[in-house]
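Have a look at the structure below, then the notes.
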Amino acid sequence: MPLADAVNIRRALLADVPRLAELSGVLGYPVAVDKLVARVARLLGRDEDVLLVAERAGQVIGWIHGAEQELVESGRRCEILGLVVDPEHRRSGAGGHLVVAVETWAYQRGLEEVTVRSAITRAESHPFYEHLGFARVKTQHVYRKPVAAPGAMRA
Ligand SMILES: CC(C)(COP(=O)(O)OP(=O)(O)OC[C@H]1O[C@@H](n2cnc3c(N)ncnc32)[C@H](O)[C@@H]1OP(=O)(O)O)[C@@H](O)C(=O)NCCC(=O)NCCS
């Protein structure tokens, strides 16, 4: 691959937000740029979160969000909370570079494990994580409920 096509991984900047928003839409989570500016500004200010982008020839082609979490039952760990690569740039190593960069960040923080939850429907992500050495350990259901004011009647 010519050097100009090499993938560069770096920390995300607020200037990346329009492109992060586009790629978030690709991931299935469309978000308005102004909302994402505020969200990314908060994330960039948090030591426990890392937001990285993959660039090729000066264009952002993917992003990853990793975070340190501390669970009562299992202690500190890193979780990959979001990852997407532009469909036109897949299968050329960008996703792998992003995950390895989060693994390096986790190692530098003294974390011993990286977890990722991947929807069953994201078929391409399963061989991807296995290729990177992740082992599938369980399958879960995800439940959601809107938060209501305390005491409000709920159906
Ligand atoms: C999963 C995703 C991030 C992979 O990004 P990518 O840049 O294409 O990944 P890489 O090029 O680093 O792939 C590394 C290896 O993973 C495996 N892999 C990746 N995509 C694959 C696919 N569609 N089918 C089979 N294996 C795949 C291959 O072994 C690949 O190596 P190879 O291309 O030399 O065969 C990308 O497909 C994507 O954004 N998918 C939609 C969003 C998503 O699923 N995110 C993860 C949610 S947890």
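- When hydrophobic clusters are built by joining Ile, Leu, Val, Met, Phe, Trp and Tyr residues whose side-chain heavy atoms come closer than 4.5 Å, directly or via intermediates, Val7 is grouped together with Val50.
- Contact check on Glu124 versus Arg90 returns a salt bridge, with a Lys/Arg side-chain nitrogen under 4.0 Å from an Asp/Glu carboxylate oxygen.
- Counting heavy atoms from C-beta outward, Leu23 and Leu27 have side chains that stay 4.5 Å or more apart.
- Contact check for Pro87 versus Val26: side-chain heavy atoms found under the 4.5 Å cut-off.
- Here the CD-CG distance, from Gln69 to Leu71, works out to 6.0 Å after rounding to the nearest 0.5 Å.
- Considering only heavy atoms from C-beta on, Glu70 stays 4.5 Å or farther from Glu48 through its side chain.
- Residues Leu98 and Val100 fall into different hydrophobic clusters, defined by Ile, Leu, Val, Met, Phe, Trp and Tyr side chains chained together at heavy-atom separations under 4.5 Å.
- For the atom pair Glu130 CD and Ser125 OG, the distance stands at 9.5 Å (nearest 0.5 Å).
- Within the structure, ring-ring contact (aromatic ring centres under 6.0 Å, His included) pairs that include any residue of residues 87-132 comprise Tyr129-Phe134 (at least two apart or interchain).
- In this structure, Glu55 and Arg10 have side chains that are in contact, with non-hydrogen atoms separated by less than 4.5 Å.
- The shortest distance between side-chain heavy atoms of Val102 and His65 does not fall below 4.5 Å.
- Note that the CZ atom of Arg77 and the CG atom of Leu111 stand 11.0 Å from one another [nearest 0.5 Å].
- Scanning all heavy atoms of the two residues, the minimum distance from Pro127 to Ala123 falls at CD-O, 3.0 Å.
- With values rounded to the nearest 0.5 angstrom, Gln59 atom CD is found 4.5 Å from Arg19 atom CZ.
- The existence of a salt bridge linking Arg109 and Glu68 is confirmed by a sub-4.0 Å separation between a basic side-chain nitrogen and an acidic carboxylate oxygen.
- With respect to the salt-bridge test (charged N to carboxylate O, under 4.0 angstrom), the residues Glu112 and Arg76 do not qualify.
- For the pair Ser24 (side chain) and Leu20 (backbone), a donor-acceptor distance under 3.5 Å is absent.
- Not one N or O on the side chain of Arg11 forms a donor-acceptor pair closer than 3.5 Å with the backbone of Leu52.
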Inset, instruction - Apply side-chain hydrogen bond (donor to acceptor under 3.5 Å, both in side chains) to the pair Arg56 and Ser92, showing each step before the final yes or no. - result: CA-CA 11 Å; Arg56 176 169 287 141; Ser92 60; 3.0 Å; yes
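- One distance of note links CG of Asp49 with CG of Leu44; it measures 9.0 Å at 0.5 Å rounding.
- In this structure, the side chains of Val53 and Ile9 stay at 4.5 Å or more apart for every pair of heavy atoms.
- Trp63 places a side-chain heavy atom less than 4.5 Å from the side chain of Val84.
- A continuous path of hydrophobic side-chain contacts links Val60 to Leu14 [ILVMFWY only; heavy atoms under 4.5 Å].
- Under a hydrophobic clustering in which Ile, Leu, Val, Met, Phe, Trp and Tyr are joined whenever their side-chain heavy atoms come within less than 4.5 Å, directly or via other members, Leu132 and Ile64 fall into the same cluster.
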Inset, instruction - Please report the C-alpha distance between Arg39 and Val17 in whole Å, then the side-chain angles of each, then the deciding distance to 0.1 Å, and finally whether the side-chain contact (heavy atoms from CB on, under 4.5 Å) criterion is met. - result: CA-CA 10 Å; Arg39 197 178 290 168; Val17 165; over 6 Å; no
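- Heavy atoms only, all atoms of each residue included: Ala106 and Val114 are closest at CB-CG2, 4.2 Å.
- Leu51 CG to Asp16 CG: the interatomic distance, rounded to the nearest 0.5 Å, is 8.0 Å.
- Environment of CD in Glu88: sparse, with no more than 12 heavy atoms of neighbouring residues, nucleotides or ligands closer than 6.0 Å.
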